[in-house]
Number of protein chains: 2
Amino acid sequence: MPSDLRTRKRLAMRQAISNAATRLFFARGFDHVTIDEIAKEADVGRMTVFNHFPRKEDMFFDRDDEARDNLLNALRQRAPEISPVEAFRLLAHRLIADKAPYVEFSARSAEFMNTIVASEALKARARQTRDELTGQTAAALAETTGQAEDANARLTASLLLATWSTAYAEALRTLQHTGDTKAANASFLALIDQGTLGVKAAMAGTPYA
Amino acid sequence: MPSDLRTRKRLAMRQAISNAATRLFFARGFDHVTIDEIAKEADVGRMTVFNHFPRKEDMFFDRDDEARDNLLNALRQRAPEISPVEAFRLLAHRLIADKAPYVEFSARSAEFMNTIVASEALKARARQTRDELTGQTAAALAETTGQAEDANARLTASLLLATWSTAYAEALRTLQHTGDTKAANASFLALIDQGTLGVKAAMAGTPYA
DNA sequence: TTTAAATATATACTCAGTACATGTTTTGCT
DNA sequence: AGCAAAACATGTACTGAGTATATATTTAAA
């Protein structure tokens, strides 16, 4: 909690808007909530909403930065004897073991995903985030192996992120079918292991495997 | 060319609008052309534009269906002794050998890609198309191997499409650096081979590899 | 306490996309 | 040929996100 009055007020207002928006989004679906309604619900001016959230989607995705930083840090700060692909795999296992909020396969996260799937705008934003993360991952891969960013780095990043998102989707699917978080976790990790195994094979002979 | 007068007129009008739009898009960038300008350039009413192209992006991406059909057909109509992943790999080689228009790495396609990269809207549409194709590919994979669509099919599709788009991007990068179409082709196929090798490893023991 | 920077908010705009109504052309039927 | 229905072109009026800009108010800092 920052001591600065201005900053505290600013964050409080941001949070108030985000809360109002989230409430409305889950109740009625992202596409059926207007910025005007959010402003009214949060009792602020319309322009204030844009002031804090340049895009409507920004009110929905709030923890993206955390997930991104986790991934990039895991690649950058891995032990030298661990390959990047293996570091990625271990990160997935660690996140599940630690019950990190954004890979917790619970009723809450299923609702989250359902809201995304129901909205083209949210799906588009999710894809954009993933693409940008793929690029950043390629850069991090090259950087931590002392290479210039090359085709190998980009293919590795692309395959890893494809693996991640497939595993994530699969875990949520398992959750919806079985209602069992443990089973969802297991299917997530199984696909992570399967995908990374493939990536290692593709990257054999490079510093990434 | 359909003999039907109505259909011919309709297609002609559609083409006229598409041509006008394309001209403007390449000249000024997708985001800096309004629907009104396109309508005026094609000398039709604004609503007519929407009549033929529900979304602005539809005027830009015109050959997507062709690319999609090629991929799905290659998977569906492969010889029984060829695995789906191998069929994918062979398709890529065949398209290059046949100089298929949408995988021709020429100055024209570089300009095309530059226009896409300059526009968030076009990038978003490209991602959407790719995601949808991934889903259709998973379904086709399951179908042609007589499986129910499962996690293996989805992981395979996801890794294959990731491979494709990375290879495509890499080829264009090579083209821009070297100006050499042959070099671009070579880098495309090298990445396709590398990626599919990884997918085969990941899918060993399944009917997809 | 005065000044400067941040912040909240109003007004007025742009542009894609939708809803709906109305002509106009083509077709298929008699 | 002549007519009714379908398909198509197009106008008007709207919604809703996002931008530009101006202004007022609050907080920080001197």
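Every chain is numbered from 1 and lettered A, B, ... according to where its sequence line falls, protein lines coming before strand lines.
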4.5 Å side-chain heavy-atom contact, A:T22 and A:F60: no
Does [X] put a side-chain nitrogen or oxygen below 4.0 Å from OP1 or OP2 of [N]?
| X | N | value |
| --- | --- | --- |
| B:R6 | C:dT25 | no |
| A:R10 | C:dA5 | no |
| B:H52 | D:dC8 | no |
| B:K9 | C:dT25 | no |

Indicate whether the side chain of [X] and that of [Y] have a donor and an acceptor atom separated by less than 3.5 Å.
| X | Y | result |
| --- | --- | --- |
| A:N152 | B:Q194 | yes |
| B:D64 | B:Y102 | no |
| B:E66 | B:N70 | no |

Could you tabulate the donor-acceptor pairs under 3.5 Å formed by side-chain atoms of residues 46-56 of chain B, not counting sequence neighbours?
residue	atom	partner	partner atom	Å
B:K56	NZ	B:F30	O	3.0
B:K56	NZ	B:V33	O	2.7

Can you tell me how far [atom2] of [N] sits from [atom1] of [X], to the nearest Å?
| X | N | atom1 | atom2 | result |
| --- | --- | --- | --- | --- |
| B:L5 | D:dC8 | CG | C1' | 13 Å |
| A:R55 | D:dA17 | CZ | P | 12 Å |
| A:D4 | D:dT27 | CG | P | 11 Å |
| B:L24 | C:dA16 | CG | P | 12 Å |
| B:F53 | C:dG17 | CZ | C1' | 16 Å |
| A:N51 | D:dA17 | CG | C1' | 16 Å |
| A:R125 | D:dA17 | CZ | C1' | 13 Å |
| B:E120 | C:dA16 | CD | C1' | 17 Å |

Apply side-chain contact (heavy atoms from CB on, under 4.5 Å) to B:R10 and B:R14, showing your working. CA-CA 6 Å; B:R10 180 176 173 76; B:R14 184 192 158 91; 5.6 Å; no
Could you go through the side-chain contact (heavy atoms from CB on, under 4.5 Å) check for A:I116 and A:F61 one step at a time? CA-CA 10 Å; A:I116 294 174; A:F61 293 107; 3.7 Å; yes
Under 4.0 Å between any heavy atoms, over every strand shown, what does B:H32 touch: base, sugar-phosphate, or nothing? Just pick one. nothing
Counting the atoms with a prime plus P, OP1 and OP2 as sugar-phosphate, which does B:V49 contact under 4.0 Å by heavy atoms, base, sugar-phosphate, or nothing? nothing
Nearest to the [X] side chain among [options], which nucleotide is it?
| X | options | result |
| --- | --- | --- |
| A:F50 | D:dG18, D:dT27, D:dA9 | D:dG18 |
| A:M13 | C:dA16, D:dA6, C:dT9 | C:dT9 |
| A:E57 | D:dA28, D:dG18, D:dC8 | D:dG18 |

For DNA chain C, which residues in residues 36-48 of chain A have a heavy atom at a distance below 4.0 Å? A:V44, A:G45, A:M47, A:T48
